[in-house]
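To keep things clear, I will list the structure first and then write my remarks on it.
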Protein chains: 2
Amino acid sequence: MATGRTHRPATRSRGIPEATVARLPLYLRALTALSERSVPTVSSEELAAAAGVNSAKLRKDFSYLGSYGTRGVGYDVEYLVYQISRELGLTQDWPVVIVGIGNLGAALANYGGFASRGFRVAALIDADPAMAGKPVAGIGVQHTDELEHIIESNGVSIGVIATPAGAAQQVCDRLVAAGVTSILNFAPTVLTVPDGVDVRKVDLSIELQILAFHEQRKAGEEAGPDSGTPAAAVRAAAAVAGDRKGPDGDMPAVMPA
Amino acid sequence: MATGRTHRPATRSRGIPEATVARLPLYLRALTALSERSVPTVSSEELAAAAGVNSAKLRKDFSYLGSYGTRGVGYDVEYLVYQISRELGLTQDWPVVIVGIGNLGAALANYGGFASRGFRVAALIDADPAMAGKPVAGIGVQHTDELEHIIESNGVSIGVIATPAGAAQQVCDRLVAAGVTSILNFAPTVLTVPDGVDVRKVDLSIELQILAFHEQRKAGEEAGPDSGTPAAAVRAAAAVAGDRKGPDGDMPAVMPA
DNA sequence: ATCTGTGAAGCCCTTCACAGCT
DNA sequence: AGCTGTGAAGGGCTTCACAGAT
């Protein structure tokens with residue numbers, strides 16, 4: 001999922017499909033809520049509804065973990081919470097560093113979901129010397145110079161990058177060199193990492209652009225031609241004929257060969 | 001022009017696969033960077049490297065948009081920027097509201113990527129009366145009471161939810177009732193929406209949990225090289241284990257019958 | 001009677017490999 | 001000669017539908 005990854009037929013992970021892994025946290029959240037309400041058992045149908053998936057998918061997912069249900073009855077909530085937690089590696093404590101304590105970094109540091117489930121903010125790191133020592137979310141910000149030392153002395157293997165795009169690759173390189181093998185990247189850049197390092201990215205503007213695509217499609221379909229969308233005028237300019245074979249419109253004016 | 005107003009089989013947008021749509025913003029970003037460096041043309045190989053995908057995939061993706069390249073040469077950068085922008089609906093201006101101006105909401109409001117590409121923060125909304133009027137990112141925060149009025153008078157169709165989990169569904173319902181048809185949800189909850197409304201979710205703790213899973217797997221592998229057997233061995237070992245066929249360990253103490 | 005666990009079918013996406021332009 | 005555009009093959013995920021357990 002990271003950058004260019006060479007061939008690898010079938011990872012010896014444990015045979016759990018990536019798509020399933022990505023849903024386990026969803027199930028876990030739903031189960032935790034049930035657990036807090038002291039619900040003892042739950043059917044695949046009920047749990048699936050709570051997690052927002054369909055029940056066949058949920059059962060298939062669980063089948064990769066083992067046979068944890070009881071036919072005719074359902075799943076034991078507490079038992080499943082434990083099994084999924086263990087599968088996800090949440091029965092241990094993961095120290096995490098956040099690099100880049102701007103608006104977003106601070107928001108992440110304050111995010112409750114961190115501590116609640118196996119993750120502990122071990123340090124906040126920023127390149128601005130003026131930030132050093134300032135407490136954010138009850139933790140003193142440390143300067144980037146300390147990065148390697150912090151990683152090593154805390155045994156950190158997960159790093160969160162919340163720096164500007166320009167600094168992200170450099171920070172990433174330093175994190176990896178110091179021993180980090182999993183990175184959550186909030187900077188709008190493609191990170192290049194060595195094999196064996198996992199990168200996941202969260203990109204706000206990409207999400208919005210995907211929504212815009214679907215939004216545009218809705219607007220175009222529901223009422224035939226363009227309805228009263230604001231600033232739709234720009235788009236009308238593209239209604240010229242040309243030799244390009246695009247499905248809809250062409251370049252406004254300038255266009256090279 | 002070639003706008004096929006033919007029969008619509010089902011939910012197929014315009015034949016552009018969802019996976020392709022999700023990558024268009026990535027290409028767009030890479031192309032924008034090239035454009036700023038005044039690079040006139042780029043090959044599928046080069047652009048793919050910059051976007052972190054492989055070139056066959058990129059060419060296939062572009063083939064859904066039309067034939068925008070020149071064989072033997074590559075793609076014209078400016079032309080592609082325009083075509084992808086248009087496809088994503090970024091040639092028009094999308095007013096967006098952000099609901100929930102806590103740490104995260106403020107970070108989002110300050111996020112530059114918003115304004116830079118077709119999106120405009122039309123309003124910031126918070127339930128706390130004490131927040132009302134306070135400027136965040138140069139915009140005055142408005143109270144939730146104004147929500148419907150703001151949506152309608154600004155023609156907002158995209159909403160961002162950055163509230164606590166407990167308030168998310170309620171806010172969502174109000175947004176939808178007021179006319180919003182696309183929602184970006186940062187609250188750790190499954191949102192229920194009517195047909196025709198798109199929801200995308202960004203969930204920090206889920207991303208971390210996925211990383212933890214892989215991190216755990218790495219740690220487990222360097223210790224003992226199990227004979228490279230994916231699912232088969234798991235099942236084989238489990239069959240011997242006894243009742244429950246969990247691959248590894250069982251519940252510490254309590255466990256149902 | 002009920003609900004899980006799972007082969008099998010179907011679908012979508014990715015990757016390959018080469019035909020077709022320039 | 002070089003690079004795009006694309007049919008075809010391949011792989012993974014989802015959905016179906018029912019056998020199997022309690």
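Since this is a predicted model, take the numbers as computed values, not measurements. Throughout, protein chains are lettered first and strands after them, A, B, ... in sequence-line order, and every chain is numbered starting at 1.
For R59(B), there are no salt bridge (Lys or Arg N to Asp or Glu O under 4.0 Å) partners two or more places apart in sequence or in a different chain. For S182(A), the side chain to side chain contact (heavy atoms under 4.5 Å, CB included) partners at least two apart in sequence or on another chain are I158(A), D198(A), L211(B), E215(B), K218(B). Residues meeting the side chain to side chain contact (heavy atoms under 4.5 Å, CB included) test with A50(B), sequence neighbours left out: A30(B).
Atom-to-atom, OH of Y68(B) to P of dT22(C) comes out at 17 Å; the value is rounded to the nearest Å. Between the CG atom of L58(B) and the P atom of dT6(D) there is a distance of 14 Å, rounded to whole Å. The distance between atom CD of Q83(B) and atom P of dG5(D), rounded to the nearest whole Å, is 12 Å. If you measure from atom CG of L80(A) to atom P of dT4(C), you get 11 Å, rounded to the nearest angstrom. Straight-line distance from the CZ atom of F62(A) to the C1' atom of dT15(D): 17 Å, rounded to whole Å. Separating the CG atom of D61(B) from the P atom of dC12(C) is a distance of 16 Å, rounded to the nearest angstrom. As rounded to whole Å, 13 Å separates atom P of dT4(C) from atom OH of Y27(A). With rounding to whole Å, E18(A) atom CD is found 11 Å from dT14(D) atom P.
For the ring pair (Phe, Tyr, Trp, His ring centres under 6.0 Å) condition, the pairs that include at least one residue of residues 16-45 of chain B, sequence neighbours left out, are Y27(B)-F62(B).
No side-chain heavy atom of V190(A) sits less than 4.5 Å from a side-chain heavy atom of R29(B).
Heavy-atom contacts from other residues, nucleotides or ligands closer than 6.0 Å to CD of Q92(A) number more than 12.
Panel note: side chain S85(B), backbone V81(B); a donor-acceptor pair is recorded below 3.5 Å. For the pair E45(A) (side chain) and S55(A) (backbone), a donor-acceptor distance under 3.5 Å is absent.
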Report task. Indicate for each nucleotide in nucleotides 16-22 of chain D, in 5' to 3' sequence, whether protein heavy atoms under 4.0 Å reach the base (B), only the sugar-phosphate (S), or nothing (-). Result -> -B-BBBS
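The side chain of Y75(B) contributes an N or O atom lying less than 4.0 Å from OP1 or OP2 of dG5(D).
Interatomic distance, D61(A) CG to L26(A) CG, rounded to the nearest 0.5 Å: 10.0 Å.
A heavy atom lying under 4.0 Å from DNA chain D marks none of the residues of residues 29-47 of chain A.
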